Amino acid sequence: MKIYIDGKYFSENNAKISVFDHGLLYGDGVFEGIRAYNGRVFKLEEHIDRLFDSAKAIMLKIPMSKEALMKATADACWRNRIRNGYIRLVVTRGKGDLGLSPTNCKKATVIIIAAGIKLYPEKMYRRGLEMITVPTMRMPAAALNPAIKSLNYLNNILAKIEAQQCGVLEAIMLNSEGYVAECTGDNVFAIRGGRIRTPPVYAGALGGITRQVVFQLAREHLGVEVEEVNMNRYDLYTADECFVTGTAAEIIPFVKLDGRVVGNGKPGEMTRRLIQAFRELTQEEGYPIRP
Ligand code: PXG
């Protein structure tokens with residue numbers, strides 16, 4: 001594996017950054033998880049835009065243009081012979097001193113890891129996940145806005161630990177008002193009576209790229225506009241179908257939440273059609289890897 005750090009490639013064993021990098025010391029930085037399918041990087045421009053938005057929100061200057069970063073991402077895939085894979089793009093605050101202040105960090109560090117993909121087992125897509133609601137709530141926007149994809153993921157990691165303690169892989173996180181925000185690393189959707197609903201970003205959700213793709217697929221393939229509305233756990237318990245979306249997960253149905261069986265306990269018809277349409281789209285479009 002060849003890993004990109006600040007314009008140079010290193011072997012896995014030599015890909016190292018300073019222990020004084022504030023990405024390590026404080027989780028000070030931003031990142032993206034991106035997928036490549038069939039020799040193309042899926043929704044690359046959208047991921048790069050979100051990365052720059054996250055960076056802007058934390059006053060981090062990314063030391064290259066959007067175009068250069070897109071080219072570098074494709075190049076990292078090319079050099080690693082990746083046609084289908086998972087790409088982690090990380091921009092840290094860079095090397096500073098032991099103080100919190102980012103002003104001593106002279107230059108951000110840009111890292112691109114283009115690797116293979118560890119998919120969820122296929123049977124989850126056919127049978128559906130089981131989830132619980134965890135006690136750790138999503139961070140209020142006034143503390144650290146969940147729309148920022150920062151390197152500070154402890155909030156989500158604590159929720160993930162709680163899920164695993166209960167023997168499930170994903171969890172519903174609520175916001176401080178008790179509304180559904182999202183999962184630890186996925187957005188959440190519910191379908192009832194043919195209407196598709198998802199929490200708005202202001203409820204504490206990341207503006208997921210896969211979430212946005214589902215808006216498009218629902219419109220084009222099902223003739224339905226997704227509604228962004230505040231939701232309670234009740235709305236998930238009483239839905240006909242539920243699913244989560246994320247770059248790694250793609251679209252996965254969930255069929256049980258907090259012990260309540262969702263719908264008839266099997267992935268629903270609309271969810272199945274969205275999964276199918278998503279798989280077709282990923283094979284068709286994207287930013288070409290071949291130079
Ligand atoms: N919410 C959060 C908090 C996320 O981190 C999503 C939603 C889905 O967004 P996209 O743009 O991917 O559709 C994410 C992104 C993991 C993992 O190991 C998950 C993400 C990022 C990094 C790791 O589960 N999900």
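Computed from a prediction, not measured in an experiment: that's the story for all the values here.
Distance check, rounded to the nearest 0.5 Å: CG of Asn84 to CD of Gln283 gives 6.5 Å. Between Glu241 atom CD and Ile196 atom CD1 the span is 8.0 Å, to the nearest 0.5 Å. Within the model, atoms OG1 of Thr271 and CD1 of Ile191 stand 4.0 Å from one another, a figure rounded to the nearest 0.5 Å. Note: Arg138 CZ to Cys183 SG = 10.5 Å, rounded to the nearest 0.5 Å. Atom NE2 of His47 and atom OG1 of Thr73 lie 10.5 Å apart (nearest 0.5 Å). Atom-to-atom distance recorded for His221:NE2 and Leu274:CG is 9.0 Å, nearest 0.5 angstrom.
Of all heavy-atom pairs between Asn232 and Gly178, the closest is OD1-O, 4.1 Å. Among all heavy-atom pairs drawn from Ile289 and Ala36, the shortest one is CD1-CB, 4.0 Å. Across all their heavy atoms, Leu144 and Ser150 have their closest contact at CD2-OG, 4.3 Å. Heavy atoms only, all atoms of each residue included: Gly96 and Cys105 are closest at CA-SG, 3.7 Å. Residue Gly116 comes nearest to Ile82 through the heavy atom pair N-CD1, 4.2 Å, listed as atom of the first residue, atom of the second, then distance. A pairwise comparison of heavy atoms in Ala181 and Ala205 identifies O-CB, 3.5 Å as the closest pair.
Phe31 and Leu60 are assigned to two separate hydrophobic clusters, defined by single-linkage of ILVMFWY side chains at heavy-atom distances under 4.5 Å. When hydrophobic clusters are built by joining Ile, Leu, Val, Met, Phe, Trp and Tyr residues whose side-chain heavy atoms come closer than 4.5 Å, directly or via intermediates, Leu89 is grouped together with Ile148. The cluster map of Ile, Leu, Val, Met, Phe, Trp and Tyr, joined by side-chain heavy atoms under 4.5 Å apart, puts Val110 and Phe52 in the same cluster. Taking hydrophobic clusters as Ile, Leu, Val, Met, Phe, Trp and Tyr residues chained together by side-chain heavy-atom distances below 4.5 Å, Met137 does not share a cluster with Leu206. Linking ILVMFWY residues whenever their side-chain heavy atoms come closer than 4.5 Å, directly or via other members, places Ile58 and Met64 in the same cluster.
Under 4.0 Å is where a charged nitrogen must lie from a carboxylate oxygen, and between Asp235 and Arg197 no such pair does. With respect to Arg279 and Glu122, a salt bridge is recorded, a charged nitrogen being found less than 4.0 Å from a carboxylate O. Checked for salt-bridge contact, Lys43 and Glu32 miss the test: no charged N lies under 4.0 Å from a carboxylate O.
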Is there a side-chain contact (heavy atoms from CB on, under 4.5 Å) between Thr109 and Ile5? Walk through the geometry before answering. CA-CA 7 Å; Thr109 307; Ile5 305 176; 4.0 Å; yes
Test Glu177 against Asn230 for side-chain contact (heavy atoms from CB on, under 4.5 Å), laying out the working first. CA-CA 10 Å; Glu177 290 179 284; Asn230 268 330; 5.8 Å; no
Derivation and outcome, side-chain contact (heavy atoms from CB on, under 4.5 Å), residues Ile132 and Ile172: CA-CA 6 Å; Ile132 58 155; Ile172 293 290; over 6 Å; no
Carefully, step by step, assess Thr210 and Glu250 under the rule side-chain hydrogen bond (donor to acceptor under 3.5 Å, both in side chains). CA-CA 7 Å; Thr210 320; Glu250 303 179 321; over 6 Å; no
Stepwise side-chain contact (heavy atoms from CB on, under 4.5 Å) check, Val134 with Met173: CA-CA 6 Å; Val134 288; Met173 298 183 78; 4.1 Å; yes
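The backbone N or O of Gly185 sits less than 3.5 Å from a side-chain atom of Glu170, completing a donor-acceptor pair. Within the 3.5 Å criterion, the main-chain N or O of Gly23 finds no donor-acceptor partner in the side chain of Asp28. Judged by distance alone, with hydrogens and angles left aside, the side-chain atoms of Lys106 form a donor-acceptor pair with the main-chain N or O of Thr103 at under 3.5 Å. Although no hydrogens or angles enter the test, the distance criterion places a donor-acceptor pair under 3.5 Å between the side chain of Arg192 and the main chain of Thr238. Between the Arg50 side chain and the Gly207 main chain, a donor and an acceptor come within less than 3.5 Å of each other. In this structure a side-chain-to-backbone donor-acceptor pair under 3.5 Å is present from Asn152 to Tyr26. Panel note: side chain Asn175, backbone Pro140; no donor-acceptor pair is recorded below 3.5 Å. The backbone N or O of Thr136 lies less than 3.5 Å from a partner atom in the side chain of Glu162, making a donor-acceptor pair. The main-chain N or O of Gly39 is never found under 3.5 Å from a side-chain atom of Arg290 such that the two would form a donor-acceptor pair. The backbone N or O of Lys2 sits less than 3.5 Å from a side-chain atom of Asn80, completing a donor-acceptor pair.
Surrounding CZ of Phe10 are more than 12 heavy atoms belonging to other residues, nucleotides or ligands, all under 6.0 Å away. Annotation: Lys66, atom NZ; neighbour count of heavy atoms from other residues, nucleotides and ligands within 6.0 Å is above 12. Residue Arg260 qualifies as enclosed at atom CZ: its count of foreign heavy atoms under 6.0 Å is above 12. No more than 12 heavy atoms of other residues, nucleotides or ligands sit less than 6.0 Å from atom CG of Asn13. Within a 6.0 Å sphere centred on OH of Tyr179, other residues, nucleotides and ligands contribute 12 heavy atoms or fewer.
Gln212 and Gln216 form no side-chain donor-acceptor contact under 3.5 Å, judged by distance and modelled atom types alone. For the 3.5 Å distance criterion, the side chains of Asn187 and Thr198 fail to qualify, holding no donor opposite an acceptor.
Ring-centre distance between Phe42 and Phe278: below the 6.0 Å cut-off.
Within the 4.5 Å cutoff, the side chain of Met70 has heavy atoms near those of the Glu45 side chain. Side chains of Lys160 and Tyr153 form no contact here, defined as non-hydrogen atoms less than 4.5 Å apart. Here the side chains of Tyr86 and Thr247 are in contact, with some heavy-atom distance below 4.5 Å. At least one side-chain heavy atom of Leu51 sits less than 4.5 Å from a side-chain heavy atom of Leu69. Under the 4.5 Å side-chain criterion, counting only non-hydrogen atoms from C-beta, Leu129 is not in contact with Val168. In this structure, the side chains of Met1 and Ile113 come closer than 4.5 Å at one or more pairs of heavy atoms. With a 4.5 Å cut-off on side-chain heavy atoms, Ile251 and Phe189 do not count as touching. Inter-residue side-chain proximity for Arg211 and Val201 is flagged as met; some heavy-atom pair is nearer than 4.5 Å.
Between Tyr4 and Tyr9, the angle of the ring planes goes over 60°, which puts this pair in the perpendicular group of the 30/60° scheme.
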